[in-house]
Number of protein chains: 2
Amino acid sequence: MKTSGRRTTEGIKGIKQKKEKLKSFLKEKGLKSTRQRDLVVSEFLEMGEHVTAEELYKEISKKYSDIGFTTVYRTLKLLNKSGLAAERVFADNLTRYEPLSAEDHHDHLICMKCGSITEFQDLRIERLQERVADEFGFVAVSHKMELYGYCKKCKDNA
Amino acid sequence: MKTSGRRTTEGIKGIKQKKEKLKSFLKEKGLKSTRQRDLVVSEFLEMGEHVTAEELYKEISKKYSDIGFTTVYRTLKLLNKSGLAAERVFADNLTRYEPLSAEDHHDHLICMKCGSITEFQDLRIERLQERVADEFGFVAVSHKMELYGYCKKCKDNA
DNA sequence: AGGAAATTGAAATTCATTTTCAATTAGACA
DNA sequence: TGTCTAATTGAAAATGAATTTCAATTTCCT
């Protein structure tokens, strides 16, 4: 089956690696690294997955009152462009971001009661997707798959 | 494989059936059927799939200048609540509606160049989705799967 | 240190979606 | 058929997330 549960918090190693990657990206594009940028990136990488710009902003505000929403927003966009974060929109229509490593693809189980988001990957499904695309002469570049329902916890407390 | 291509325009029979179903729904809820409502529904069912409220409104405006956007919007919402239309949001973040028959579930291939949307269904994928959900103790109620890439036409003209 | 270019953050803007409200209409019942 | 009440309509306003603007500030190359 090869599925994997919710990722644990980003390891320190992964975070350092990502910050390095961002640094290269900035240099390559002639962009600058700033205190705000660095802080937002750190918070984002530590915070874990599927945060909205708003959520991240609120979290950051607690510690650093001088970082504006716009900067958080722009930094997330930047991370996305640099390939370090994925932008995702689920049924609630909010744009969420999650740290992304190169090969790391996964889909989501979304609880309609508590809102929890669990990640999974299933290679067999991916192979079938390819086949379907082929049948239509379609070249698939990416996909999106979300299962909506009730997580173990919410289902049990019913 | 059991896939199906883009549906052809709704058959007359299907349309009548749906209008009947709507009528029941309205009566059941104590709602009224109006000239505007009827026209919007007719246009919607004839127009085919994946229209936005805006698109449908523009189309309707050509023939009936007295039907406002709000009415079109509200009628689509109503169709959705009555189970006759599905609301979908793809990568462009616009809310689209499509006629829906009871058992009729399908997913989408979306061309990133021309924007065409092709429907498909694959029972094997659905079974695997169920299995994945089970593994997590998750009860899946619905799902969403979209493959983004290039359709045959766009791929060939590259 | 000097200066060009990027960044910041508050505020303004955009744009689809949703709500408000006064005027109109449907349709149940007499 | 007329009456009445609740639903409907449509223009306009409101909402709210996402994005852009702009003047002030900061980075970092030389």
Side-chain angles (χ1 to χ4, degrees), chain A residues 22-44 50-82 85-97, chain B residues 19 22-44 50-82 85-97 115:
Chain A
L22 178 64
K23 204 174 274 180
S24 320
F25 181 83
L26 293 179
K27 189 160 276 179
E28 180 194 325
K29 300 278 179 183
L31 303 178
K32 292 166 181 172
S33 98
T34 64
R35 183 182 69 91
Q36 291 95 324
R37 209 107 103 173
D38 293 350
L39 283 171
V40 173
V41 171
S42 294
E43 279 298 319
F44 172 64
H50 312 118
V51 285
T52 61
E54 190 62 34
E55 286 166 356
L56 185 56
Y57 167 65
K58 276 192 187 141
E59 201 53 35
I60 288 174
S61 293
K62 290 180 192 165
K63 303 187 194 169
Y64 313 100
S65 61
D66 64 323
I67 295 184
F69 169 80
T70 315
T71 298
V72 174
Y73 166 78
R74 281 189 286 224
T75 303
L76 288 171
K77 283 290 193 195
L78 181 70
L79 284 168
N80 180 239
K81 277 186 191 139
S82 70
E87 240 182 45
R88 299 189 184 276
V89 180
F90 299 121
D92 63 4
N93 251 47
L94 297 179
T95 303
R96 291 165 194 282
Y97 296 83
Chain B
K19 286 188 182 169
L22 178 63
K23 203 174 277 180
S24 319
F25 182 82
L26 293 179
K27 188 160 278 178
E28 180 194 327
K29 300 276 180 187
L31 304 177
K32 292 167 182 172
S33 98
T34 65
R35 185 184 67 90
Q36 291 96 323
R37 209 108 103 172
D38 293 351
L39 284 170
V40 172
V41 171
S42 293
E43 279 297 319
F44 172 64
H50 310 119
V51 286
T52 62
E54 191 62 33
E55 286 166 358
L56 185 56
Y57 167 65
K58 275 191 186 142
E59 201 53 34
I60 288 175
S61 292
K62 290 180 189 163
K63 304 187 195 169
Y64 312 99
S65 61
D66 65 323
I67 294 184
F69 169 79
T70 314
T71 298
V72 173
Y73 166 78
R74 280 190 286 223
T75 303
L76 288 172
K77 283 290 191 196
L78 180 69
L79 285 168
N80 180 241
K81 278 185 191 140
S82 71
E87 241 183 45
R88 299 187 184 277
V89 180
F90 299 121
D92 63 3
N93 251 51
L94 296 180
T95 303
R96 290 165 194 282
Y97 295 84

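In what follows, chains carry the letters A, B, and so on, assigned in the order in which the sequence lines appear, proteins first and then strands, with residues in each chain numbered from 1.
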Strand-adjacent residues in residues 58-70 of chain B, judged by heavy atoms under 4.0 Å from DNA chain D: B:D66, B:I67, B:G68, B:T70
Straight-line distance of B:E59 CD to B:E54 CD, nearest 0.5 Å: 12.0 Å
A:I67 CD1 to A:S61 OG distance, which is reported to the nearest 0.5 Å: 8.5 Å
Between protein and nucleic acid, restricted to nucleotides 28-30 of chain D and to nitrogen or oxygen atoms under 3.5 Å apart, what atom pairs and distances do you find?
unit_1	atom_1	unit_2	atom_2	d
D:dC28	OP1	A:S33	N	3.1
D:dC28	OP1	A:S33	O	3.3

Result of checking B:T95, B:L76, B:L94, B:V72 against B:T52 for side chain to side chain contact (heavy atoms under 4.5 Å, CB included): B:L94
Using whole Å, what does the distance between atom [atom2] of nucleotide [N] and atom [atom1] of [X] come to?
X	N	atom1	atom2	result
B:R35	C:dG27	CZ	P	14 Å
B:D92	D:dA18	CG	C1'	15 Å
B:L94	C:dC15	CG	C1'	10 Å
A:L39	C:dT8	CG	P	11 Å
A:Y57	C:dT8	OH	C1'	13 Å
B:E54	C:dT18	CD	C1'	14 Å
B:R74	D:dT9	CZ	P	7 Å
A:Q36	C:dA6	CD	P	17 Å

Atom of [X], atom of [Y] and distance for their closest heavy-atom approach:
X	Y	answer
A:K63	A:E43	NZ-OE2, 2.8 Å
A:L26	A:K32	CD1-O, 4.0 Å
B:N80	B:A85	ND2-O, 2.8 Å

Flag side-chain contact, heavy atom, 4.5 Å: A:I60 against A:V40: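 A:I60 reaches A:V40 side chain to side chain.
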Side-chain touch B:L56/B:Y97, heavy atoms, less than 4.5 angstrom: no
DNA chain C: 5'-proximal contact among A:T71 and B:E87 (nearest heavy atom):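 In this pair, the answer is A:T71.
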Toward the 5' end of DNA chain D, by each residue's nearest nucleotide, A:R96 or B:K29: B:K29
Between B:S42 and B:K19, a side-chain donor and acceptor under 3.5 Å: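 The answer is yes; a qualifying pair exists.
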Nearest-neighbour nucleotide for the A:Y73 side chain, C:dA16, D:dT9, D:dT19 considered: D:dT19
Sugar-phosphate only, base, or nothing, as touched by B:T52 at under 4.0 Å among non-hydrogen atoms: nothing
